[in-house]
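Only heavy atoms go into these numbers, but all of them, side chains included; no hydrogens, no water, no symmetry mates.
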Amino acid sequence: MKEVKIGNLTVGGGKGLFLLAGPCVIEDPERTLMIGRRTKEICDRLGIPYIFKASFDKANRSSYSSFRGPGLEEGLKILAHIKKELQVPVVSDIHSVEQIEPAAEVLDVLQIPAFLCRQTDLVYGAAKIGKCVNVKKGQFMAPKDMINVLKKMEEAGNENLMLTERGASFGYNNLVVDMRSFPIMRDFGYPVIFDATHSVQLPGGAGTKSSGQREFVPFLSRAAVGAGVDGLFMEVHDNPEEALSDGPNMVRLDDLEAILRDLKAIDTIVKG
């Protein structure tokens with residue numbers, strides 16, 4: 001298992017769990033920073049390496065009128081401020097080749113959304129820049145086929161790579177997580193992350209927006225950690241009912257520490 005450099009962190013390589021977490025989208029700078037600060041405090045107490053996550057643009061919303069975030073320029077300024085204030089690496093989604101270079105000036109991890117994981121120019125271009133790249137497995141992809149995505153990025157000369165499982169489409173408005181995907185993708189030699197909150201999303205399940213079942217996050221997360229996953233991705237919010245994106249599947253910030261405490265205990269047993 002390869003080790004991956006993310007800012008000042010080194011993760012993977014059979015080490016303990018690490019966490020990518022934050023609100024789904026940047027709502028306002030103060031609230032976004034507060035969520036990151038509280039999450040970092042929890043991770044510091046538990047000894048879990050932490051990478052802050054928030055999207056500057058949600059380009060795949062169900063409705064044209066849905067909130068998308070502050071956009072590339074303003075969003076990167078906010079992420080740069082959070083990175084400086086919290087002294088943690090940051091990750092956000094990129095959606096086009098044009099976003100790669102400006103995003104790489106701030107982000108420590110360039111994240112490829114699941115629905116773009118087959119876009120050759122995007123994944124190759126992101127890898128070519130030299131930063132860590134995290135690709136989410138498409139809901140339409142078999143885990144074994146993600147080796148082709150990795151090979152595209154290796155062609156760019158980058159081995160600072162990670163894959164993320166976020167569920168597979170199973171009928172209309174529903175996702176399931178096949179636990180076999182973790183050992184299958186880990187056999188490729190790169191760290192594998194479980195996206196615990198998007199995996200309980202019900203895409204488009206509320207008509208003009210997605211719904212979700214956050215009550216299942218702890219159960220799926222325990223199973224994934226038991227299957228040997230390297231890291232976790234969780235979207236968290238202090239009040240998910242007020243969230244402007246993905247509220248129904250985001251973890252309540254007050255519940256995060258108890259969930260992570262259980263997961264770390266399982267990970268310690270699994271990894272010996």
Side-chain angles (χ1 to χ4, degrees), residues 6 9 11 16-27 31-55 58 79 82 86 88-93 108-109 111 113-114 134-137 162-167 175 177 179 181-182 191-203 210-227 229-267:
I6 301 175
L9 299 178
V11 299
L17 283 177
F18 60 97
L19 178 69
L20 292 74
C24 175
V25 64
I26 298 170
E27 297 181 9
R31 190 173 206 170
T32 304
L33 176 59
M34 178 273 294
I35 293 171
R37 180 173 284 117
R38 285 186 58 187
T39 304
K40 181 179 186 290
E41 289 169 355
I42 291 168
C43 288
D44 286 348
R45 282 196 294 272
L46 299 178
I48 296 174
Y50 173 52
I51 299 103
F52 175 84
K53 181 271 167 187
S55 293
K58 300 296 292 184
L79 290 170
I82 291 171
L86 300 184
V88 297
V90 294
V91 55
S92 194
D93 293 326
D108 299 282
V109 182
Q111 185 162 275
N134 179 35
V135 183
K136 291 194 173 184
K137 180 178 76 64
M162 305 187 294
L163 296 177
T164 293
E165 170 62 68
R166 59 142 303 158
L175 299 169
V177 180
M179 292 294 156
S181 68
F182 298 119
V192 172
I193 298 164
F194 176 49
D195 183 340
T197 47
H198 285 111
S199 292
V200 300
Q201 189 182 61
L202 301 175
S210 294
S211 185
Q213 299 171 309
R214 82 168 64 89
E215 66 269 23
F216 294 123
V217 168
F219 301 99
L220 290 180
S221 298
R222 291 174 198 147
V225 174
V229 73
D230 300 281
L232 292 164
F233 178 105
M234 290 185 182
E235 290 185 334
V236 298
H237 199 281
D238 60 301
N239 189 352
E241 285 72 23
E242 289 183 358
L244 300 180
S245 176
D246 276 6
N249 53 268
M250 277 201 279
V251 170
R252 197 176 304 278
L253 199 50
D254 287 343
D255 297 332
L256 180 62
E257 184 162 2
I259 294 171
L260 291 178
R261 195 175 295 276
D262 285 351
L263 299 180
K264 182 165 184 182
I266 296 169
D267 183 66

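- Between L33 and L86, the closest side-chain pair of non-hydrogen atoms falls below 4.5 Å.
- With a 4.5 Å cut-off on side-chain heavy atoms, I26 and L79 count as touching.
- A donor-acceptor contact shorter than 3.5 Å is absent between the side chain of K58 and the backbone of S245.
- Closest heavy-atom contact between M179 and A223: CE-CB, 3.6 Å.
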### Task
Go through the steps for I82 and T32 under the test side chain to side chain contact (heavy atoms under 4.5 Å, CB included), then give the verdict.
CA-CA 8 Å; I82 291 171; T32 304; 3.5 Å; yes

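- Residues forming a side chain to side chain donor-acceptor pair (under 3.5 Å) with E242 (at least two apart in sequence, or on another chain): R31, N239.
- Side chains of L175 and P203 form a contact here, defined as non-hydrogen atoms less than 4.5 Å apart.
- To the nearest 0.5 angstrom, L260 atom CG is 5.5 Å from L19 atom CG.
- In this structure D108 satisfies the side-chain contact (heavy atoms from CB on, under 4.5 Å) test together with I6, K83, P89, V90, sequence neighbours excluded.
- Scanning all heavy atoms of the two residues, the minimum distance from M234 to S221 falls at CE-OG, 3.7 Å.
- Contact detail for L253 and I42: the closest heavy-atom pair is O-CD1, 4.3 Å.
- Between the S55 side chain and the C24 main chain, a donor and an acceptor come within less than 3.5 Å of each other.
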### Task
Dump the intermediate steps for side chain to side chain contact (heavy atoms under 4.5 Å, CB included) on D195 and E165, then the final yes or no.
CA-CA 6 Å; D195 183 340; E165 170 62 68; over 6 Å; no

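- When all heavy atoms of D93 and Q111 are compared, the closest pair comes out as OD1-NE2, 2.8 Å.
- Looking at Y50, its side chain never comes within 3.5 Å of a backbone N or O of T39 through a donor-acceptor pair.
- In this structure, R222 is positioned above the aromatic face of F219, its NZ or CZ under 6.0 Å from the six-membered ring centre and within 45° of the axis.
- Proximity of the aromatic rings of F182 and F194 is defined here by a centroid distance below 6.0 angstrom, and this criterion is met.
- Using a 4.5 Å heavy-atom cutoff, the side chains of D246 and T197 are not in contact.
- Ring pair H198/F233 is tilted by interplanar angle, where 30° to 60° counts as tilted.
- For the side-chain contact (heavy atoms from CB on, under 4.5 Å) test, residues two or more places apart in sequence or in another chain that qualify with E41 are R37, R38, R45.
- The shortest distance between side-chain heavy atoms of L232 and V225 falls below 4.5 Å.
- No donor-acceptor distance shorter than 3.5 angstrom exists from the side chain of K53 to the backbone of S92, with no hydrogens or angles considered.
- Using a 4.5 Å heavy-atom cutoff, the side chains of F18 and I51 are in contact.
- Using a 4.5 Å heavy-atom cutoff, the side chains of L163 and I193 are not in contact.
- With contacts defined as side-chain heavy-atom distances shorter than 4.5 Å, the pair P23/I35 qualifies.
- A salt bridge links R214 and E241; the closest N-O separation between the charged side-chain nitrogens and carboxylate oxygens is under 4.0 Å.
- Scanning both residues, D238 and P240, for their nearest heavy atoms gives C-CD, 3.9 Å.
- Applying the side chain to side chain donor-acceptor pair (under 3.5 Å) test to N249 and every residue at least two apart in sequence or in another chain returns nothing.
- Take A243 and apply the side-chain contact (heavy atoms from CB on, under 4.5 Å) test, not counting sequence neighbours, and it matches E27, H237, M250.
- Looking at residues two or more places apart in sequence or on another chain, you find a side-chain contact (heavy atoms from CB on, under 4.5 Å) between P248 and S211.
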